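Please read these numbers as outputs of a predicted model, since none were measured by experiment. Throughout, protein chains are lettered first and strands after them, A, B, ... in sequence-line order, and every chain is numbered starting at 1.
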2 protein chains.
Amino acid sequence: MSALSGKKAAPARQTPVSESARAILDVAEELAQTRGYNGFSYADIAAKLGVTKASLHYHFASKAELGRALIARYQESFGGALDTIDQAPCTPPEKLRRYVELYDGVMRNDRMCLCGMLAAEYATLPAPMQKGLKAFFQLNQRWLSAVLEEGRKSASLAFSGTPGERAEVILGALEGAMLVARSYGNAARFHVAAQHVLEDLGVGRKSNPDGKGKRK
Amino acid sequence: MSALSGKKAAPARQTPVSESARAILDVAEELAQTRGYNGFSYADIAAKLGVTKASLHYHFASKAELGRALIARYQESFGGALDTIDQAPCTPPEKLRRYVELYDGVMRNDRMCLCGMLAAEYATLPAPMQKGLKAFFQLNQRWLSAVLEEGRKSASLAFSGTPGERAEVILGALEGAMLVARSYGNAARFHVAAQHVLEDLGVGRKSNPDGKGKRK
DNA sequence: GTCTATAGGTGGATAGAC
DNA sequence: GTCTATCCACCTATAGAC
């Protein structure tokens with residue numbers, strides 16, 4: 001399964017790593033998304049893969065390096081998904097719906113956004129991972145800002161404040177909904193919350209794909 | 001300093017613990033709110049207090065017990081703050097403003113909500129702590145639901161969906177804004193995001209305390 | 001590339017003196 | 001209540017054989 005929902009968004013020349021390294025990253029990613037960076041060890045990964053801890057160090061010399069690679073691959077994968085959305089000829093509301101679907105897919109997988117998870121542990125992370133998190137959130141914020149601006153111009157989206165400010169609200173709302181849903185609710189409750197976030201922007205349901213109609 | 005912003009909301013008969021236990025909880029709380037449950041150790045607390053690890057075990061036999069007490073005290077403190085808001089004669093919009101101020105205070109203290117932080121590590125926490133988190137989020141959701149329902153009846157708040165659903169959106173948005181702000185932005189950016197969350201409900205700025213005027 | 005073996009450190013936790 | 005001393009499990013990481 002891909003790093004995100006499962007859709008392979010173009011072959012996407014991922015960071016050139018061996019097949020073994022990819023398998024390690026897959027397991028580490030799942031552990032990081034469910035238990036956090038400080039919540040798993042090389043022993044956990046080794047056990048799941050049926051290898052020894054020492055062999056992991058051959059591919060990733062340190063846990064810090066593994067963590068850095070984890071974020072880099074996630075960002076690449078997520079960025080690819082955003083590119084795919086941009087390449088499809090669709091309206092700003094439809095773009096936002098697809099954006100939310102990315103998060104929906106993660107939740108249905110019983111995980112939460114890798115970077116949202118790691119953001120909680122920010123103060124304990126090595127500097128390269130901290131930089132990676134900032135870059136990931138900026139990537140999201142930039143993409144959302146562009147979509148919001150386009151939507152405002154075409155009157156297909158309605159919101160107060162600047163596109164940049166609103167992008168931050170949306171990003172926070174989705175990350176937070178995942179965070180809370182994992183302990184308090186579930187994937188279905190996340191979906192409901194996410195739909196309300198879309199509604200607030202004037203994005204209708206799928207039965208209204210042009211997004212012109214607002215409810216409330 | 002109190003568990004929250006700093007306002008002492010009534011003497012609030014906190015869980016009956018010794019002065020030493022209180023000091024331990026204070027330090028542990030700060031560490032948990034900045035580094036997470038898996039991001040600090042008894043050694044960290046002992047160092048900050050100038051005592052030995054062994055003496056900590058006298059007050060809290062296990063880290064799991066310390067974590068449980070941490071959440072219990074936080075919930076008690078937070079619940080007290082909500083009671084204080086309810087006892088003051090103010091409108092639903094004003095109640096929400098004060099609710100957001102609680103979170104603002106936490107952020108200005110360079111922390112994030114204890115339970116939002118621990119929610120990320122949910123899968124790694126002992127069962128009593130998991131139950132505590134659920135209870136905290138339910139407390140928030142119930143309180144917000146009641147305020148939203150009251151606001152809808154008096155037409156001082158406007159929102160789509162049920163009060164319960166909207167409460168979840170608000171809670172997630174605030175928790176997520178804190179989460180993201182700590183790595184990507186700062187307390188000031190959290191404040192901006194939180195104000196937009198209020199605006200979306202038709203809550204105006206302080207210059208308009210009755211909350212009747214909505215913008216955009 | 002993967003293994004065995006181990007180093008060196010830190011985690012939570014306990015026994016028993018004071 | 002707090003200390004010293006210690007236990008043992010686990011952590012990341014390395015050396016060197018295969």
Side-chain angles (χ1 to χ4, degrees), chain A residues 15-32 34-71 117-118 120-121 123-130 132, chain B residues 15-71 117-118 120-130 132:
Chain A
T15 314
V17 288
S18 71
E19 180 63 21
S20 312
R22 196 194 55 73
I24 294 168
L25 286 172
D26 285 345
V27 172
E29 184 176 80
E30 189 218 315
L31 288 167
T34 51
R35 303 176 55 88
Y37 182 74
N38 297 322
F40 75 92
S41 70
Y42 269 44
D44 296 323
I45 305 172
K48 284 216 183 195
L49 287 175
V51 297
T52 61
K53 291 183 290 174
S55 67
L56 300 182
H57 280 283
Y58 172 82
H59 297 281
F60 299 96
S62 69
K63 194 183 176 186
E65 164 56 18
L66 172 62
R68 193 209 54 75
L70 224 40
I71 295 175
M117 177 66 97
L118 299 184
E121 305 174 286
T124 73
L125 300 177
M129 292 183 69
Q130 293 181 331
Chain B
T15 315
V17 288
S18 71
E19 181 64 21
S20 313
R22 197 196 53 74
I24 294 169
L25 286 172
D26 285 346
V27 172
E29 184 176 78
E30 189 217 316
L31 287 168
Q33 286 184 281
T34 52
R35 303 176 56 87
Y37 182 74
N38 297 322
F40 76 91
S41 69
Y42 269 44
D44 295 324
I45 305 172
K48 284 217 183 194
L49 287 176
V51 297
T52 62
K53 290 187 294 174
S55 68
L56 300 182
H57 280 282
Y58 172 81
H59 297 281
F60 299 96
S62 68
K63 194 182 177 187
E65 165 56 19
L66 172 61
R68 193 207 54 73
L70 223 41
I71 295 174
M117 177 67 97
L118 299 184
E121 306 174 286
Y122 188 81
T124 74
L125 300 179
M129 292 183 68
Q130 294 181 330

Student check: side-chain heavy atoms of B/Leu66 and B/Leu25 closer than 4.5 Å: yes
Pairwise distance CD1(B/Ile71) to CG(B/Leu118) - rounded to 0.5 angstrom: 5.0 Å
Protein-nucleotide distance (B/Leu66, atom CG; C/dG11, atom C1'), rounded to Å: 14 Å
Pairs involving residues 32-57 of chain B, ordered by first then second residue, that meet ring pair (Phe, Tyr, Trp, His ring centres under 6.0 Å) (sequence neighbours left out): B/Tyr42-B/His57
Side-chain N,O (A/Tyr58) to OP1/OP2 (C/dT2) below 4.0 Å: no
Side-chain heavy atoms of B/His59 within contact of B/Ser18, under 4.5 Å: yes
Taking every non-hydrogen atom, the tightest pair across B/Phe60 and B/Ala69: CE2-CB, 3.8 Å
Between P of D/dC11 and CG of A/Leu56, the distance in whole Å: 12 Å
Side chain of B/Ser55 - closest among C/dC3, D/dC3, C/dG1: D/dC3
Neighbours of DNA chain C within residues 120-130 of chain B, by heavy-atom distance under 4.0 Å: none
Side-chain ion pair, B/Arg22 and B/Asp26, N-O less than 4.0 Å: yes
Length of the CG-P vector between A/Leu49 and C/dC3, whole Å: 10 Å
Any A/Glu121 side-chain heavy atom under 4.5 Å of A/Met129 side chain: no
Contact pattern, 5' to 3', of nucleotides 12-18 of chain D - B, S or - by protein heavy atom under 4.0 Å: BBBB---
Phosphate contact (D/dG1 OP1 or OP2) by B/Ser20 side-chain N/O below 4.0 Å: no
Atom-to-atom span, CG of A/Asp44 to C1' of D/dA9 - whole angstrom: 14 Å
B/Met117 versus B/Gln33, closest heavy-atom pair with distance: CE-O, 3.1 Å
